[in-house]
Structure formats: structure tokens, C-alpha cells
Amino acid sequence: MRLPPQPGERLHRDRPLTFLFDGKPVQAFAGDTIASALFASGRRVFSRSFKYHRPRGLYCCSGHCPNCLMQIDGVPSVRACMEPARDGARVQTQNVLGSLDRDLMSIVDKVGGPFLPVGFYYRTMMRPRRAWPIYERFLRSAAGLGRIDKHGRRTHRFDTEHRRAEVLVIGGGASGTAAAREAAEAGRQVVLVDDGLAERDDSSAFEVLSPARAIGIYEGGLVPVDAGDVLYRFRAERIVVATGTIEQPLLFPGNDLVGVMLAGGARRLIDSWSLRPGERAVVLQAGGDTIAANLRRAGTDIAAVFDVGERAPEEIVARGSKGRVSSVVVDGETVECDLVVMSGARQPAYSLLAQAGARVEYDAARAIFVPRDLPAGVAAVGAVTGERGRPAHPAPAYSGKGKCFVCICEDVTRKDVKRTLAEGFDSIELAKRYTAVTMGPCQGRLCHLPAIRLFARETGSDESALGTTTSRPPWAPVSLGLLAGRGHEPARRTSIHHRHEELGARMMWTGDWRRVHSYGDPAAEVRAVHEAVGVIDVSTLGKLLVRGPDAVAFLERLYPNRFADLRVGRVRYGVLGTDAGRIMDDGTIGRLAEDELYVTTTSTGAEVVFEWFQWWNSVWGFDVEVVNLTGALAAVNVAGPRARELVGQLTSLDCSAEAFKYLDAKRAHVGGVPCLALRIGFVGELGYELHFPSSYGEYLWDTLLERGADLGIRPFGLEAQRILRLEKQHIIVGQDTDSESNTLDANMAWMVKFDKDDFVGKWALEHMQVRGARERLIGFELENGALPAEGGQIVVDGRPAGRVTSARRSETLGKAIGLAWVPPELAEEGARIQIRVDGRLEQASVRLRPFYDPEGERVRS
Amino acid sequence: MNGLEFIDPGLARAENGFDPVQRSPLERALRDAPPEVRDLSLQVPEDFDRGLAGLQVTGERLLRRLTDLNLDALPATGMVANVRATVLRDGDEFRIFFPQEYADHVAEVVLDAAEGLR
């Protein structure tokens with residue numbers, strides 16, 4: 001039943017609405033929260049506790065405690081006391097087996113207490129180890145905070161917005177509002193963040209975000225603010241924290257019974273939602289709270305008021321029936337009641353200040369922690385400073401029989417804390433992790449201070465010496481959806497990408513590029529390259545221009561190869577090494593002019609190689625400029641015996657074998673587009689790699705396919721390319737090499753020029769040369785049809801001795817082929833090795849020369 | 001053709017029955033874009049790197065959903081839609097230039113952010 005309209009009431013009684021609670025309709029008014037409307041409907045049990053499944057009722061009504069967590073419109077663990085009532089909302093209880101009023105799991109409270117102390121599962125569920133997943137599933141199901149739909153899709157839209165403020169005020173109470181107004185009047189741009197609980201009379205001079213909560217304060221003045229559907233990431237020149245205080249509960253047996261409530265909670269029920277919290281109340285207050293007057297105004301009988309700050313009773317016990325409070329015993333005096341309103345110390349809500357770098361110290365006179373030494377750019381105003389209000393100094397805990405809860409989120413009792421100490425967890429940080437006190441939904445708002453005070457009493461130390469645990473974001477609960485924001489994944493796409501999609505290509509990730517796996521039939525794509533002509537989009541290759549008087553000297557020092565003798569218009573394959581002589585990347589280096597070289601890298605290595613070049617250039621101080629052209633240029637490789645015929649149709653360039661030889665680099669218009677054409681042969685056939693401005697990607701691709709139609713052209717993807725290059729035993733860096741592979745062991749000693757004065761990794765390679773190979777990269781073939789997995793094991797004398805790096809079935813060769821690292825003594829042509837395939841050992845032969853066209857006649861044709 | 005001319009899209013020419021056509025990397029993505037989002041890819045300033053795509057976006061709030069750059073201190077280079085970009089400002093209009101290979105991604109984010117503000 002509602003009281004007559006109260007001053008400051010938030011209800012709009014002319015706007016009724018209805019929502020569903022566990023399928024049954026509940027009447028509410030606009031301005032109600034889900035919790036206030038349920039309370040008005042007569043509901044008193046709002047949740048079941050985390051571990052013992054004890055009934056819990058409204059407690060703080062300010063979004064701190066876990067007592068009103070419910071599943072609302074599919075979202076678990078929503079605080080019903082903060083969630084506005086909406087017409088048609090679907091509200092469900094959570095963490096119950098049965099119903100909220102009859103939860104079968106409440107048996108745990110009756111019989112499980114002695115058997116289920118803190119951390120019991122670490123001791124009693126250790127064996128058998130294989131059963132842990134079963135235990136874990138059971139525990140998760142028995143003690144939970146709602147359920148998420150594992151197969152659910154996004155149901156809410158969450159956005160992120162970057163904001164700046166000269167002054168950001170966090171907390172919209174009287175002090176925060178005054179600080180905001182003062183700064184605004186001084187001409188500053190002010191934004192005030194308010195959780196929506198406080199009333200403000202004037203906000204016209206500054207921007208107000210409400211309801212909204214600051215999640216934390218990070219480096220550089222970054223303050224993420226949860227405004228429901230939008231996460232504002234504020235960068236503020238000055239942050240003013242006005243988060244006030246948090247009313248602390250008292251520790252006594254029965255302090256979690258339904259009907260035991262914080263004074264602030266009772267006050268909000270009366271003032272904001274015109275509800276009578278109970279019929280007959282006992283008030284336990286430490287420090288002159290005025291709640292009794294509010295209760296009387298609401299028509300509640302005040303059975304007794306105990307000032308626990310002054311009188312300091314020894315014993316307080318709340319007793320109840322079916323989980324609801326029915327009486328309170330204070331030093332032997334029993335008072336019948338259905339409501340216990342308690343108010344301990346008022347702890348400054350200093351967490352944001354601590355995150356910003358403030359020191360936190362214990363004020364023994366007030367029995368609270370207070371912030372000190374605020375960092376530059378951060379100010380505190382109002383009660384959060386700890387300088388206001390009357391001292392309230394309740395006892396750390398009151399004696400009596402029954403469960404006394406230190407942490408109602410995690411169901412940690414005073415007995416648990418004692419046991420934790422007895423087990424040797426005598427540091428508060430360790431005890432926090434062991435008991436989980438402060439780690440539940442309230443994040444220490446209601447248990448941090450009481451736990452430390454209790455800890456101090458039980459250990460005989462004082463709170464100042466114990467200190468406090470670390471305050472970490474998030475200060476306010478935040479949904480993962482809001483943190484995740486929109487689901488966009490940065491992907492790089494070539495300028496020909498859409499043509500591939502139109503051709504029905506299956507795409508795959510290579511690094512952050514989207515590339516073509518195949519166009520549906522990799523084997524046919526391989527055949528086209530061998531028998532006619534194929535074209536592949538290789539725009540993803542890294543493309544660097546190195547130019548300047550020292551360009552050649554620069555590359556000579558970076559690569560183990562020699563470039564001084566590379567003539568203008570010629571191309572050379574090179575492998576880039578690290579200081580430790582390990583293979584880092586590979587590609588081709590074309591000499592365009594005496595002082596201009598064009599370097600290609602692997603698709604995923606472009607950025608690293610570019611930075612590598614720039615770094616060494618700054619170290620050595622060569623007169624060289626390095627330009628990254630990766631995105632500016634598209635590239636296609638036209639390969640196959642009829643590639644010359646096709647390219648020749650599109651350009652006036654003489655493409656004859658004599659005029660345009662293997663490893664030549666020439667510039668020409670192809671189909672009217674300016675191109676750099678490189679005659680290289682990664683896929684083992686006559687080929688032309690055309691590099692040209694990206695904006696002509698689709699045009700030149702279309703032109704090649706149109707003109708090549710009569711020649712049997714087929715686009716091919718990475719899968720076909722992998723087969724083709726494997727037939728030639730061409731390596732892929734990162735696939736066939738790892739961070740330990742070196743050029744010598746990978747059979748490329750021919751490119752390492754030890755007679756050069758210096759190059760990156762020379763010392764290491766010289767050492768490796770003297771030491772000798774530890775393993776060798778070899779080709780292998782299996783003729784019985786078995787296909788090893790990449791990463792598969794090479795077995796010698798029954799022991800693992802190497803690994804397969806690549807393996808494919810070659811239709812051209814009629815067998816499975818691959819590359820593998822093996823002990824050096826096995827790197828002999830025709831040697832027999834064993835490879836584990838599907839659990840069986842298969843015989844394979846070592847092949848040190850390319851499987852296909854070993855003399856390279858086709859690629860040079 | 002000499003030197004680095006193969007990099008220059010301006011040197012494409014119609015010849016021998018070929019008529020090269022440039023295509024903006026944003027052309028498809030912005031086909032049905034609202035008026036506050038325009039394609040500038042074929043109008044990238046001369047002194048900018050080649051290979052950039054460009055967008056013109058109207059509205060400060062929309063920009064705030066895309067980047068943490070200080071919009072009162074432009075031009076500047078920083079992350080826009082999780083891609084490194086340069087942003088220029090003319091009143092309430094912003095020009096964003098970024099590597100063209102991210103065109104679809106940036107367009108997707110910009111259009112989605114614009115949708116979120118409607």
C-alpha cells in the first residue's frame with residue numbers, strides 16, 4: 001500500500017504501468033523502480049543469497065548491495081532498486097531452485113554451514129582431479145548470480161563516445177552540484193555525472209549526465225562513464241569527486257534477515273516511493289541519524305531506538321521466522337518488531353580517489369578510512385573528504401548466537417573470518433582473495449570497512465597498521481556489452497576484394513587481411529596454373545620503396561644477400577634475418593634505378609619490416625628514404641604457360657623470353673594502367689607479378705579475366721598457391737619457419753654472403769656455420785595416400801625427432817608432399833623417414849629438390 | 001615509363017582499346033550513405049600519401065563516437081574507428097583520411113555510428 005503523496009516523491013501517480021514478475025502482473029507508477037513496485041505489491045523477499053540461499057529483502061535501495069539482483073528482460077543480475085519500472089518488462093528471480101519463497105537450495109543454510117566453510121571446494125573437491133569439471137558445474141549452478149543465454153545474440157545497442165571536459169564532477173549531491181555551479185560560473189566547461197539518486201534544484205549552468213556512473217579514474221584523466229546505452233570516455237582537465245559516503249551495516253547475528261535494512265534504504269522507500277518499510281521498527285544507529293522521524297511520519301511504530309555509538313551494547317541478535325525478522329535482542333532486552341533499521345559509520349566513498357592516486361588512511365577517531373594527498377588535477381568535495389558528519393564509532397561486531405554476516409554478497413560470516421585467520425591467511429590481501437570478501441557485487445561498499453575492523457579485532461592489531469586493500473575499477477557495475485561496444489573488427493581488404501566475393505570466393509584471415517582461400521575448386525585452380533594461366537590477387541604483399549644514395553649499402557647491411565651486383569632492372573629473392581640470425585621475413589628486391597630499390601615482404605610482415613628498416617636507418621644514419629607503398633599499390637600474379645600470351649595482349653612491352661627474362665623488372669602500361677612488372681615464379685610457372693595503383697584494382701582484374709577467358713584463365717586463391725609453391729619446395733615464412741629457424745638450416749646458405757663486411761645477424765650465422773646444423777628443412781613425399789597434418793611428428797627410432805610444417809596432396813604429382821624439419825643426418829636425398837599420421841607411422845622419402853620442374857625450366861621459359 | 005611513375009594513378013591512359021577506370025574503395029560501402037557521410041577518396045590532397053581513402057563526415061557528435069582525438073585541436077593524426085587516420089576540420093565538417101584497405105571497415109563503423117545517433 002502506498003502512503004499519501006510525500007514531499008519529494010518520485011512517483012507519477014497519473015501514469016500507471018504494469019510489468020511481469022515471474023509471469024504475474026505487477027502494478028506500478030512511472031517513477032517507480034522495479035523493487036519499489038514489488039515492495040508496494042507486498043513482496044518482501046527479493047532474492048536468495050549466493051551460497052546459503054537465505055532469503056534476502058531490500059537492504060540499501062541505492063544500488064550497492066546484492067539483495068535485489070534479478071533477471072530483467074533477459075539481463076541477469078540487474079539491481080531492481082535502481083531499474084526504472086517499465087510497462088511490459090519481464091522480471092524474473094535468479095539463483096533459486098523452485099521459487100523465491102520456497103527455494104529448495106535453502107537446505108544448504110540448514111545443514112551445510114559446518115561443512116561448507118570458505119574455500120571448502122579447494123579441500124573437499126580435489127579428488128579425483130578429473131571430476132573437477134563436474135564439481136565446478138554443480139557449484140556454478142548452485143551458487144550463481146543469474147544465467148546468461150550462451151547462444152544469445154546482441155539484444156541491446158551499446159555505443160562508445162569520447163568526450164572532453166574542463167571540469168568533470170562525479171556525484172550530483174549538494175556538494176557536487178555546488179562545485180559544478182561554481183566552476184560553471186567561473187566560465188569553465190562543466191559536466192556533472194550523477195547516478196540519479198540525488199535531487200538537484202539547479203542544473204542549467206552546466207551539463208548533467210544522469211543516470212550515469214563513473215566506472216573508474218585511469219591515467220591521463222580518463223574517466224569512463226556508464227550512461228546505460230552509451231559509454232562516455234571522458235578526458236578531463238580537472239576531476240571533482242563528490243561521491244559522498246556509504247552507510248555501513250552493523251555486524252550482529254541475524255543482520256541479513258528480511259526486514260533488516262540500512263537507514264538510507266528505509267528513507268528512500270518512504271521519501272521517494274511513499275512506502276512504509278514496516279509496521280514496528282527497532283532502530284540501531286551509530287551517530288544521530290534522523291531515520292526514526294521519517295519512520296514515524298510513514299506510520300511505522302518505533303519500538304526502540306538504540307544508539308550503538310554511545311551506549312555500545314555487547315550483544316545484539318536479530319531473530320526471525322522463515323527468514324524474516326521478528327525480534328531483536330539487545331543486551332538481553334528483547335523487542336518484537338518486523339523491521340530493523342541500522343546505521344553504522346558513514347564511510348567516505350573514496351575508491352575513485354584511490355584509483356586516481358590518493359593515499360588512504362584510517363581515521364581511528366571516526367572509525368573510517370579517509371582519502372589523503374590527492375593527485376594534481378583531482379579534487380574531493382563534500383562528505384567523501386571524510387571531514388564532515390559526526391563521529392560514529394560502533395563496535396566492529398556484536399556477540400550473539402547465529403550467523404553474523406560480514407559480507408552479504410559472498411555469504412561470508414564472522415566465523416569464516418576467524419577460520420581464515422586460523423588457517424594462516426593473516427594478510428588482508430590474502431584473506432580477501434581466500435574469503436572473497438569485497439569481491440562480490442557490492443565491491444566492498446558494504447563489507448570493506450567492517451571486514452577490516454573485524455580483522456583488526458580478531459588479530460589484535462589496529463586498522464591503521466593493517467591498511468586497506470587496493471581499489472580497482474570498475475567502481476560501479478558495468479555490463480560487458482557496454483565495455484565491448486559495437487562489434488566491429490578492423491579488417492584490411494584489397495581493392496579487388498569485392499570481385500572475389502562476387503566470384504563466390506571463400507575468404508580467410510591472413511593477419512588482419514581478408515584473402516581468398518579458393519574459388520571453390522583448388523585442384524582446378526592448380527591445373528589452370530600448370531596448363532593454361534591463373535591469376536591471384538597478391539595486393540597484400542608488403543611493398544617498400546628504398547631510395548637514396550645509400551639504398552644499396554643499406555639493404556646490403558640488412559640482408560645476408562648481396563645487392564651491390566644487382567643490376568638495374570633485375571630482381572633477387574632475399575631473406576631478412578634478425579640480429580640472432582633467425583629468419584624474419586622474405587620477399588623480392590628489385591632494382592629500379594641505381595639508387596631506387598623496390599622491396600616486397602610477406603603479407604603479414606609488411607608493418608614489422610617497415611619499422612625494422614626505419615629503426616636500422618635511424619641507427620646507421622644512411623642517406624636513405626623508406627616509403628611504405630603497401631596500401632597504395634595493388635598487385636596480381638599472372639602465372640602459367642599462357643601468361644605471356646595474356647600479358648602480351650595488354651601491353652606494348654616486348655614480353656618475349658629474350659626481352660623480358662626471368663627475374664627482370666620492367667615498367668609498362670598494362671591495359672592502360674601504369675605497372676611495375678616483375679618476372680618471378682613463386683608458383684613454379686612462367687609468371688608476371690604486376691604492381692599498380694590500387695584504385696585500378698578492379699579494372700585490371702576484370703581486364704585480365706576478360707582477355708584471358710579464351711586462354712582458359714582461372715583466378716586462384718591461397719590454397720592453390722600453397723600446393724603450387726609446395727611442389728617447388730618454396731617456403732612460407734611463419735609456416736615453414738619459426739622464431740628459431742635460420743637461413744643455413746633452411747637450405748638457403750647460398751644466399752648468405754659471409755664475405756660482406758657486416759650484415760644483421762652475421763655474427764650469429766657465422767657461429768651457426770661453425771656449430772653445424774641442428775636440424776634441416778627438407779621436402780618429403782608419401783606414396784600411399786596418407787596425408788600428414790601440419791605440425792605432425794617425424795619419428796626416428798620411436799622417438800619424436802622433427803615436425804611437418806606443410807603438407808598437401810598434389811594432384812599433379814599424384815602423391816602427398818610436404819616440408820619438414822628433421823635431424824641433419826636425415827637430410828639426404830631418398831632417405832626414409834617415419835611420419836605419424838592419424839596415430840600410425842607412415843613411411844616417407846626425403847626429397848631435397850623441387851618435386852615439380854626441378855630444373856626450373858618452366859619458370860624460366 | 002620511368003622511375004616511380006607506376007605509382008601514379010594519373011598516368012593511366014586510354015590506349016589500344018583499353019580505357020582504365022579508377023574506383024573508390026568506398027564506392028560500394030557509401031552507395032546508400034546518409035548525407036552527413038561523403039566519399040573523398042578520389043580527392044585526397046596532393047601532399048597526402050597515395051593509397052589513402054577519404055571521408056567527409058558532418059557533425060561533432062558523430063566524430064566523438066569514432067575517435068578520441070581532441071576535436072578542438074585539429075588537424076591531427078590518431079585512431080579513428082580503430083584505424084590510424086588524419087582528421088581535418090572545417091566548422092562542423094570533418095575530413096578523415098586513412099589507408100584505403102580499411103575503407104569497408106571504416107565505412108561500416110561510420111555508418112553504424114550515424115545510425116546509433118538517429
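Just so we're on the same page: letters track the sequence lines, and every chain starts at 1.
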Answer with side chain, backbone, both or neither: which region of [X] has an atom nearer than 4.5 Å to a non-hydrogen atom of chain A?
X: B/L63; value: neither
X: B/T67; value: backbone
X: B/P99; value: neither
X: B/E15; value: side chain
X: B/A113; value: backbone

Can you say whether [X] sits under 4.5 Å from chain B via the side chain, the backbone, both, or neither, judging by heavy atoms?
X: A/R547; answer: side chain
X: A/E706; answer: neither
X: A/R492; answer: both

When you check the gap from the basic side-chain N to the acidic O, do [X] and [Y] get nearer than 4.0 Å?
X: B/E115; Y: A/R157; answer: no
X: B/R65; Y: A/D159; answer: yes
X: A/E698; Y: B/R28; answer: yes
X: B/R23; Y: A/D702; answer: no

For this session: State, to 0.1 Å, how close B/I7 and A/L633 come at their nearest heavy-atom pair, and which atoms those are.
Result: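 Where B/I7 meets A/L633 most closely, the heavy atoms are CA-CD2, 4.0 Å.
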Problem set entry | Closest approach of A/G672 to B/F18 (non-hydrogen atoms, all atoms of both residues) |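 Closest approach of A/G672 to B/F18: N-CB, 4.2 Å.
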Closest-packed option against chain B by number of heavy-atom pairs under 4.5 Å, given [options]:
options: A/S539, A/G671, A/S694; value: A/G671
options: A/T540, A/T703, A/V627, A/L650; value: A/L650
options: A/E489, A/R493, A/R233, A/H691; value: A/R493
options: A/A491, A/G485, A/A593; value: A/A491

Would you give the length of the straight line joining atom [atom1] of [X] to atom [atom2] of [Y], rounded to the nearest 0.5 angstrom?
X: A/R667; Y: B/L11; atom1: CZ; atom2: CG; answer: 12.5 Å
X: B/L71; Y: A/R163; atom1: CG; atom2: CZ; answer: 10.5 Å
X: B/D68; Y: A/T160; atom1: CG; atom2: OG1; answer: 11.0 Å

Exercise. What do the steps show when you test A/Y699 against B/Q22 for side chain to side chain contact (heavy atoms under 4.5 Å, CB included), and what is the final call?
Worked result: CA-CA 7 Å; A/Y699 163 77; B/Q22 286 195 86; over 6 Å; no
Problem set entry | Best-contacting candidate, B/N82, B/V106, B/D19, against chain A by heavy atom pairs under 4.5 angstrom |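 Heavy-atom pair counts peak at B/D19.
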Taking the side chain as every heavy atom from C-beta outward, state whether [X] and [Y] have any pair of such atoms under 4.5 Å apart.
X: A/S695; Y: B/P9; value: yes
X: B/Y102; Y: A/D512; value: yes
X: B/F6; Y: A/K666; value: no
X: A/H162; Y: B/L69; value: no
X: A/W513; Y: B/E101; value: yes

For this session: Check the pair B/D72 / A/R164 against side chain to side chain contact (heavy atoms under 4.5 Å, CB included), numbers first and verdict last.
Result: CA-CA 10 Å; B/D72 295 324; A/R164 281 171 195 271; 5.9 Å; no
Problem set entry | Sidechain-backbone polar pair: B/Q100 side chain, A/G631 backbone, donor-acceptor under 3.5 Å |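 Flag set: sc B/Q100 to bb A/G631 pair under 3.5 Å.
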Problem set entry | Test side-chain hydrogen bond (donor to acceptor under 3.5 Å, both in side chains) applied to A/H488 and B/D112, step by step | CA-CA 9 Å; A/H488 301 292; B/D112 181 54; 2.9 Å; yes
For this session: Flag yes if more than 12 heavy atoms outside A/R153 fall under 6.0 Å of its CZ atom; otherwise flag no.
Result: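 12 or below, so no.
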Exercise. Does CD in A/E219 sit with more than 12 non-hydrogen atoms of other residues, nucleotides or ligands closer than 6.0 Å?
Worked result: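 At most 12 heavy atoms, drawn from other residues, nucleotides or ligands, come within 6.0 Å of this atom.
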Exercise. How far apart are the C-alpha atoms of A/E161 and B/R61, what are their side-chain angles, what is the distance that settles it, and do they pass the side chain to side chain contact (heavy atoms under 4.5 Å, CB included) test?
Worked result: CA-CA 8 Å; A/E161 190 165 325; B/R61 182 111 199 260; 2.8 Å; yes
